[in-house]
Every structure is written in C-alpha cells, then in structure tokens.
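Data first, discussion second: the structure below is written as structure tokens.
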Amino acid sequence: MIEALAGLLVALPLAGAALMPMVAVLRRRGTRWLAFGLHLLTFAAAAAVFARTAATGEAIAHRMGGWPGPFGIELRLDGLSALIALLVTGLSCFVASAPVDASRGATRRASPVREGLVRGALSMLVAGLVGIAATRDVFNLFVFLEISSLAVYTLVASGGGRATVAAFRYLIAGTAAGSLYLLGVGFLYGLTGTLNMDDLAARLPGVEADAALTAAVALIAAGLAIKAALFPLHGWLPDAYVFAPAPAAGFISAVMAKVSAYALLRLLGETLRGIPAGAMALETMVWLGTLGVLVGGGMALAQRDAPRMLAWSSVSAMGAILLAVGIGSPLALAGALFHVVAHALAKGCLFLGVGGLAETLGAGDRRALRGLGRRAPWTAAALTLAAFSMIGLPPTAGFSSKLLLLRASLAEGGPAGVAAFVALLASSGLAALYFLRVLEGIWFRPRPEGRPAQRLPRALAAPVLSLAVLVLLGGVFSAVVEREFVSGAVEAVAGATADER
Amino acid sequence: MNPLDWLAIPPLAHPGLWLALGALVTAIATATGVLGRRAASAPGILFAALAVFAASRAPSGSVDFRVARFDLVWYHADDLSVLFALVFSIVTLLGLLYGAHRLGPGETVAALLYAASAVATVLAGDWITFFVFWEAMAITSVALIWQGGLPESRRAGMRYLLVHAAGGAALFVGIALHASASGGVLDLGRLAATGPPFWFLLVGVGLNAAIPPLHGWLTDAYPEASTTGAVFCSALTTKTAVYALLRVFPGAEILVSLGVAMALYGVVFAVIENDFRRLLGYHIISQVGFMVAGVGIGTELALNGAAAHAYSHILYKALLFMGAGALIEATGRRRLTDLGGVFRSMPVAAILYLVGALSISGAPLFNGFISKSMTLSAAGEAHFYFAELFLSLAAVGTFLSVGLKLPWFAFFGKDRGIAVRPLPVNLLAAMAITAGLCLLYGVRPDLLYRMLPFAASYDPFTAGHLASNVQLLVGAAVLFALGFRRLAPTPTRNLDADWIYRGRPGRIARPLVTGARALGPVAQAVRSGALTAANRAIVRLAAPGALATGAVRRDPFSFRTPIGRTVLLAAMVVGWLLLASRL
Amino acid sequence: MKGILVLLAGFALLGVGLEALGLAAGEEHHGGFWNFIPLWDFAFGFVGAAILGLVARGLLKPLLARSEDWYDAAEGDR
C-alpha cells in the first residue's frame, strides 16, 4: 500500500500538469482550489512516506510496471529522498494557494490560458523535482531533470518582458547542463552496462579507473553543478530568480537549485564515492563552494535592488550547502540538509514577500521597501524573521544550520576546512550588512515621497507569514528538526557508504 | 540562631544578592518619593555593607539550579572567587560613600547592579551563568558611564557597548566551541591553552582585561564617566577578566608576553597623557599586565601574586580615581595642563592621593609592594628573567607617571591661582578609609596573604626586596628631578587603538558604531571602493564591452555574465577535473 | 627644594644600607645576571625612566599627538 504512494508522489503532480490547462479553460473558478488540493494531496502522500521511512528507517521502493531490480526503473525513497520530497511538496502548497498573478494586484486576473499554463508548469515542476528525489536510475534522473527544467523555463518566461530573456538564458545553461550530465551517464553505461544506482555502486569498484570513468564523473559533476548554481557556474541564477513572477519565484528560489544539490550528493557522495575522480570533484566542490559563499555575499552587498540581492545571497547559500556536501562528513551533511531546509523556508518567504511587493510597486529598488514596518507590520516582521535566518541569528532555523556548518568545517580542519569556516563566518557578516540595511529601511525610514503605499496582496501574506513562523519554529525546535528530519536523511547516505566499505 | 549566621546560608551568602537588593530598594524608595534624591545612596551603602559582611563569611561550596538540561551553578565559592567577591563588595561600599553627596538614583542603581553583576560573575561556577552575568556587567557598566552626563559620555558609552558586544560575541563563540569539544561539559575550570576555543575565549576575556590592541574602550570611556562612576569602573570590569584568566588559563605561557607588553604599553602611553583620569586608565592596563603575566607564569606563587595584586590594585586604583575625582570636583578641570599649585588648597586630598600613588608604585609599607614584589619574585623563581626585568621597568614608569608627574603638575608645579571648592566630608572620609586599607595591608600583608587561593608562603619584607624597590624609586625620582620639564604635559590628544573605530578606518566602519542607521554608507564605501575596482576587472573578464554600456556605468554590479561564459566555465571545470584526477 | 634633595639622599642611603644588609644576611637571590650587579636598581630606575621618557616623548608623541578636538573633527558629521 505505502509502496504505491511512492509511485503516486510522481504520478499525481504529473497528472495535474496535464489536467490543469484543461480545467483552467473549461472551469475557471475552481482551478486555484483544485490545484491547491492536488498539491496538498501530494504533500500528504510525501508526509506519509516520510513518516514511514522515519519510523522504520527503511526505504520505500516502488518498481515501475513491476519490473524488478536493476532492469526496471525503480523509485525508492529513503530518509534523504523523503526529506527532499517533503520539502518540495510542502513548499509547493504555499505557492499553489496564491492566485497566479497575485503579485500584480488584486484586481488583475490571469487569462484562462495563462492560468492553466502556469499551474500546469508548477505541477510539472513538482513532478520533476520529486522524481529526481525518488528515482534510483541515473537516466531516469536525467528525464526528471529535464521535466523540471522545462517547467521552470515556462514559469520564468511567464513573467513576460525581461523574464523571457532570463528564461532563454536559463534554457541555454540548463540544456548545456543536461547534455553534460547525459554524456556522463552514457560513459557510465558503456563502462558498466547498468543505469541503476545501486547496481552502479556495486559494479564500479570492478571497473578500471581509466579516462572514460574520469570523464564520466567530471561530466556528471559539471552538469549537475550548473544546475545547482555552484560558483562560477551560477550565471543563470540571478536573472531567473529575479524576473520570475512572485509566487513562482518563491518556489523556484526555494527548491530548484537545492534538488540539484541533492542529486550531486546522491551521485558523488554515494554512488560514485571511492572513485579518485569523484573524490577530486568533491574536493573541488569544497573550494568552489567556499569561493561562492564569499562572492555571492559580496555581490549581494553591492546590489541596489532587493530581489537581485536575494538572488545573489542564494548563490552564497548554495555555496555553503555544496561545500558541506563536498566535505561529506555526517556532521557536514547534517549541516547541509538543515541548511537546505532553513534556507528554503527563509528564501521562499523573502522572495514571496519582497518579490510580491516589488512587483506591486513596479520597481525592485530596495528603497521602495522603506516605511513598510509602519504600513504593514506583520509582513515586515515576517521578512525580518526570514532575514535573521539568512544572517544566522538565533532563534531562527538559519542559526542552527549555520552553527552545524561551522562546526562541520572546523571539524574537517585542513586548509579547505579553515577556509570554509572563515568564509561561512564572513558570509554571516556580509549577510548582516546587506539585510540590516534593508531592515533599517523597513523599520526606521519613512516611506519615500511619491511612492505608492506598499501592501502585500492578501493571497501572498498568508504564505509569507506561515513560512516565517516555520523559520522560527525550525530555530526554536532545532533539536527536533535535527533529530526527526535531518538525522534520518544523513543516516540514509552514511549507511549506504558504510555498506560499500 | 544568631541572625547574622543566616548570612552563611548560600542564597543569603551571595554578596551579589545584597547589592542587587540594594539597587531594588534604591529604585523603589526614590521612585515612590520615600527617599529624597540627595539621600539616594543611603540604602546602597547599607546593602553594600551587608554584601561585604556576607562576602567575608561566604561558605565554600557550590549551589546549582537546574534549567532544562543545564546545571547553572550560580554560587561557587572557593578562596579565589571569594577573594574577588569580597574586594568588589568593599570597593562598592567605599565608592558609594565617596559619591554620597552627589549620587542620584540612576547612578546609584547602575553602580549597584554593575557591582552585583561583577560579583555574580566571579561567583559563577559554569560557563552559562558566567556569560550571562558577564554580559549583564557590560550593560550595567555602560549605564553607569552614561550617567557621566556629558555628551561625550553618551558617545563613549555607545562605543564601549559596541566593543563589548563584539567581545561578548567572541566569548560566546569560544564557549560554544568549548562546549561542543568537551561534549557539553560547561564547568568553569582550567582549560588547555590550544585550539580555536582558546583563541576565541582569549579574545573575549582579553577584551575585558584590556589587552592591547583590545583596550581602546577603557581609555576612551573611563575618563568620560562621572567622578564616582570611574571609581567603580576602574575596580570591576578588568579585574573580573583577571579572575576569569586565573580560573581558566593559569600557566598559559602566551599570557606572560601579553602581560609584559600590556604593562609597558600602558606605562609608555601614560607618560605622554594629559587628561589625568585617562593617564590613570593607562595605568589600569599596565597594572593588569602584571596580573596577566602572573597568570601566565602559572606557579602557585605567581597565581597568588596575580590574585593579591588584583586585590591591592582595586584598593589603590580606587583611591587614585577618588583623588582624581576630588581634583575635578574641586577645580572643575580634568587636564594636567590646566592645573598646578593646588596643594595648599586641598592638602588632605592631595596627601591621600599620594598614599595611592606610593601604593601603585610599589613603595614598601604600602599595599602595592606586598603584591607586586610577589609577582616579580615569582617571575624570577620561575626563570622568566626578562619578564621580571621588563615588569620592573613598568614599575619604574608607573612611579614616574602616577607618583611623580601627575602630583607634581597637578598639586605642585606652577601655581595658576585656581579657585578651589571645598570638598565634602564623605568624599574625604571614603578616601581616608581606602588609604587606611592600603596602609593596613602594606604593613600587615598576612591579612591579605591568608585569603589567597594557594598555600605558597611568601615574605615580602626581606632586605633585598626592600633595597631593590627603594633604589628603583630613588633612581626614577632623580631622573624626574633632573628632567621634569621635558616630561611636562601638553594640551594634545594621543591616538590609540580606539583610532581604529574613531579615526580614519572608523569613518568607513562608523555605521557599526552609530548603529544600524548608517549601514548604508558601508555598502556605499564598499561599492565605490576596492570592490568596484575588483568588479571592473571581473566585468572585463566576464563581459567585455559591457563597461561601455550605460547600464553598467550607472550600476556596475547589475551586469550579467553572458550565458555562453557559464558554459565555457563548465567546460573548464570538466577540463580541470579530468586533468586533476589524472595527475 | 633643599628638603627634597635631603629626602632623596636619605632614601638613597637607605637603599644602599638595605642592600648591604641583604648581602650580609646572605639572602637567597633570583634573577638574571644583572640582579647581582651592586646598586643595579639605582641605575635601572634612572636609566629605565629615561628610556621610557625618551620613547614616549621622542618616538610616540610625534607620531600620535593630535589636537584635542581631533576625534570630534574626525567624527565630523554628528
């Protein structure tokens, strides 16, 4: 029974992707609630799967079409996959609850075609991302990667105007990433004759470490690193995040790059572990991640407009996550996963809030946010909490994850560990500078003359507030989060690597 | 049961409790009008006396209080902590008496809470309690400095607060690292002087101990406190840090060099200082250097010396600041260049000041001698000969500034015909009692020695010690007699470490000092400064031609990397991985 | 002035006498070789004070001394 849920996790949103445009054209009113219901249902399935894996500590597998083992396509959710699926489906509910063009003012309603397109794309994106988390087949992973990418291109492009260009740039980068990855998978298949991850892990030690294997690892790592926006391959990220329309941007910025980081962890940290090239790739990732943490933070500090600042801070956060994945100790993985959760919640909150406001105001200049504290104290308080989490101040989730990352990098030691430690500390300082600057405007400056009064559309206010509450809860109950959510995921990876040894 | 025996029961034996109660009673009594403003310090004096009594009878042992999974040891009394708690209580009592004629409710409450936090810090038995009261001390001491009433008091207090917040953050990181390294053991005890926890703790504690270059806050803020406020400040914050070092890092050798450097640093800066309370502030740094060096030497005698010197120092430094305050109250002037020839108008205060000056200089039969020579002997016995030499040099310099230069140019020297207001009785009484204590301990060192944490016996009154000190002082005095004109103060301000945040670098970082309000200029400075240059290089590399377009010139950070470049970089990453793993 | 000179001379004699007493009593002695030079502390007190004065007045003061309102000017816009 529960095994069927694993299949349903992918099938349900995929069906939604096909269903949404039809419903939207035929029956306008119910679309939003139908979409919300569908995402909620998917979330419920993910929660059930997660609860089961957490309770038993065992993975839940579903074989497509009943084909066994290495031959068929296997969906399997262990603690790690289930955590990612839970995060993705959970956040999608927040975004799906808002009208498509919520950020463009309450009066404006999207046309049926547009409504269907955007909602369909969102469903498809969820299907793709959950698929990436669930699949145990490297080619299947590529398929889901492409599914999610196509959906994101659509979502970004739906912003219109400059978003179209951003989407096109993303498309080029994403396609290049996909090609590199596929090439790598091709090499692997040629070497081992299998695509199943467990099978690969079993057979690879028998394969001679020659140029082909090295190339396979390098191509897969580089392809996924583009998707995960590892510095210096992050070029697509700022524009895509900034120009996507607000409700969708909240989701994309929260989970898109992180699911690719998950794929990197799965493949490099688990399947391809023990191969010299894999170790080299992980080491490179630590250094590039460290650089990314610093460059992202510095660039964020230099931005004038708030969404771009947030986008650059995402580059910094991805650097932090990827460097921890690169370090690969259980402590570091716990930090990385906690940071994935904390950052997804906080960044989703910020992008929904700031993006929604900026679009209503027609400008992203951070000065447009001045005086928000008096005008909309609750929104301002929510943004403040999320910003605190990004800086890493207690009692928010970001503090606990930053602390784990710092401890992990310190425990790692060596030049890379020390560099990572310093960079992470510095990034908190930089984040304090650029976020406090905005917060100061929000709370202590009067609204600039001649600006329209800012107000977050009500449909966005609810997700923003609830995400902020989650950020706070994640910090206050960080021990619970660590024990109930993160540790199982870490064990899933660490257990697999222990088996291998 | 004798009512006074109740004071031996731990909750009531905690002197900090009595000081805090004093603050509470003062606040309530003055707020409800039961007590006039002029008598605001009366309950404080009473409760401080109770605190002294409690501290003098405090039973050894620990009492804890369980919160969640932490044992908060809020009362941990052994010889070391009781010694500090006792002298903190004594100086609080004396300070309140000294300022009784002018202390308002606000200042009294701030002083009592400050002293209570300091006492609670030294009586804390675990890192969490310690940290909480340590931070409380920072906040209450700023509240006291703000009572100085000058516009500069407010600003200096703000700077002081921010610096201490940074120090507190370092301490917190240190504690967190220590806790995670020790698996959650938070007892306040001896730690190894290695690894990241040590360095963070050293910065956090060292900032409060005013170890250069982390001392700028002291000489910046103490001269801006009120005359009474400075007495409390001089006694509490730095000595709490000395206590922490004694407790946690005895024998950490780096402290020897740091302490010697401190001792000389303070002395040298004091020679050219004109504001006489800042001069005394530099001598706090110098004297704390003796204690830090003693902690670093780490033998039983040296640790005893550091603790004894802290005890003596609190008394004579309070006396010196009282004398300085008396000068300010009587003349309204705070610079040596504005003073001269007031000895005849205020001989009692001047003579009492000289008692403090001779104490700090280590003249035999004053209390500085009995503790300073202990540290010096310990350095010699432990074969830290150069430390001993340089500490002797610092002692010479101390006499030069505090014992000769300051009194000469303030009390004697050129008579400027300054009108002198008479000094109130309570002020002179407080000075006299403090001076009496300095002399008492100087003549009867055993009274102090028997309270010391270790059993090492020591006799300061050997002919050799006496000869050495007398000769040093006479040598310095001869030099001063020959060359005092060259040491005359000038109306100038010397730059010091606070230049980092007040001077040119501070102009960039000033937003941090004046609060979040001005954070914008930081980004502006970063934007228009070095980063722009770096960025132009990046733009050139990433998007040649982009510089020519208007958009980039308006906002150089809004440039977009051409997406082809991302793909090229990806290819380079692949190439690197191929190359690196084949090598 | 004369009184001060007499006082100084008296203390100097006291210092010499005490040192002699200490030597006569055969007190234990620690420290670098310099501590065994007779009347070392006189010389050290004098020369040390001179060195401190020179370093402070000759080296630090030219480098660090500013007008008294320098910080106010540096902090400017308040």
Stepwise side chain to side chain contact (heavy atoms under 4.5 Å, CB included) check, B:Thr490 with C:Lys61:
CA-CA 10 Å; B:Thr490 55; C:Lys61 190 150 187 170; 2.4 Å; yes
Option that, when pairs with chain B are counted at under 4.5 Å, heavy atom only, ranks first among [options]:
| options | value |
| --- | --- |
| C:Leu59, C:Leu60, C:Leu63, C:Leu23 | C:Leu60 |
| C:Ala65, C:Gly48, C:Ser67 | C:Ala65 |
| C:Ile51, C:Asp41, C:Leu18 | C:Asp41 |

Could you tell me which of [options] has the largest number of non-hydrogen atom pairs under 4.5 Å with chain C?
| options | result |
| --- | --- |
| B:Asn494, B:Leu264, B:Leu473 | B:Asn494 |
| B:Glu388, B:Glu381, B:His465 | B:Glu381 |
| B:Leu400, B:Val470, B:Thr462 | B:Thr462 |
| B:Ser468, B:Gly397, B:Gly464 | B:Ser468 |
| B:Leu472, B:Val396, B:Val474 | B:Leu472 |

Please report the closest heavy-atom contact between C:Arg57 and B:Ala488, naming both atoms and the distance.
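Shortest heavy-atom separation between C:Arg57 and B:Ala488 comes out as NH1-O, 2.6 Å.
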Looking only at non-hydrogen atoms, find the nearest pair between B:Ala467 and C:Gly15 and report the distance.
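Nearest pair, atom of B:Ala467 first, then C:Gly15: CB-O, 3.7 Å.
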Would you indicate whether the side-chain heavy atoms of [Y] and [X] approach each other to under 4.5 Å?
| X | Y | value |
| --- | --- | --- |
| B:Val478 | C:Phe42 | no |
| B:Phe269 | C:Leu64 | yes |
| C:Phe44 | B:Leu393 | yes |
| B:Gln471 | C:Leu39 | yes |

Quick one: what part of [X] sits under 4.5 Å from any heavy atom of chain C, side chain, backbone, both or neither?
| X | result |
| --- | --- |
| B:Ser392 | both |
| B:Ser401 | neither |
| B:Ala387 | neither |
| B:Asn274 | side chain |
| B:Leu376 | neither |

Check whether more than 12 heavy atoms from other residues, nucleotides or ligands sit under 6.0 Å from atom CZ of B:Phe343, and answer yes or no.
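Counting other residues, nucleotides and ligands, CZ of B:Phe343 exceeds 12 neighbours.
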Above 12 or not: heavy atoms from other molecules or residues under 6.0 Å from CZ of B:Phe386?
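Check fails, neighbour count at 12 or below.
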Let me know if C:Ala25 has heavy atoms under 4.5 Å from chain B in its side chain, its backbone, both or neither.
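Looking at C:Ala25, nothing touches chain B.
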Please flag which part of C:Val47 lies under 4.5 Å from any non-hydrogen atom of chain B: side chain, backbone, both or neither.
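No part of it gets close to chain B.
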Rounded distance [0.5 Å steps], OH in B:Tyr385 versus CH2 in C:Trp34
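If I round to the nearest 0.5 Å, the distance is 9.0 Å.
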Can you tell me how far the CD atom of C:Glu68 sits from the CZ atom of B:Arg493, to the nearest 0.5 Å?
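It comes to 9.0 Å.
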Look only at the side chain of B:Arg486 and the backbone of C:Gly53, and say whether a donor-acceptor pair between them is shorter than 3.5 Å.
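Flag not set: sc B:Arg486 to bb C:Gly53 has no pair under 3.5 Å.
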Out of B:Leu487, B:Val267, B:Leu479, which one pairs with C:Leu52 under the side chain to side chain contact (heavy atoms under 4.5 Å, CB included) rule?
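Only one of B:Leu487, B:Val267, B:Leu479 forms a side chain to side chain contact (heavy atoms under 4.5 Å, CB included) with C:Leu52, namely B:Val267.
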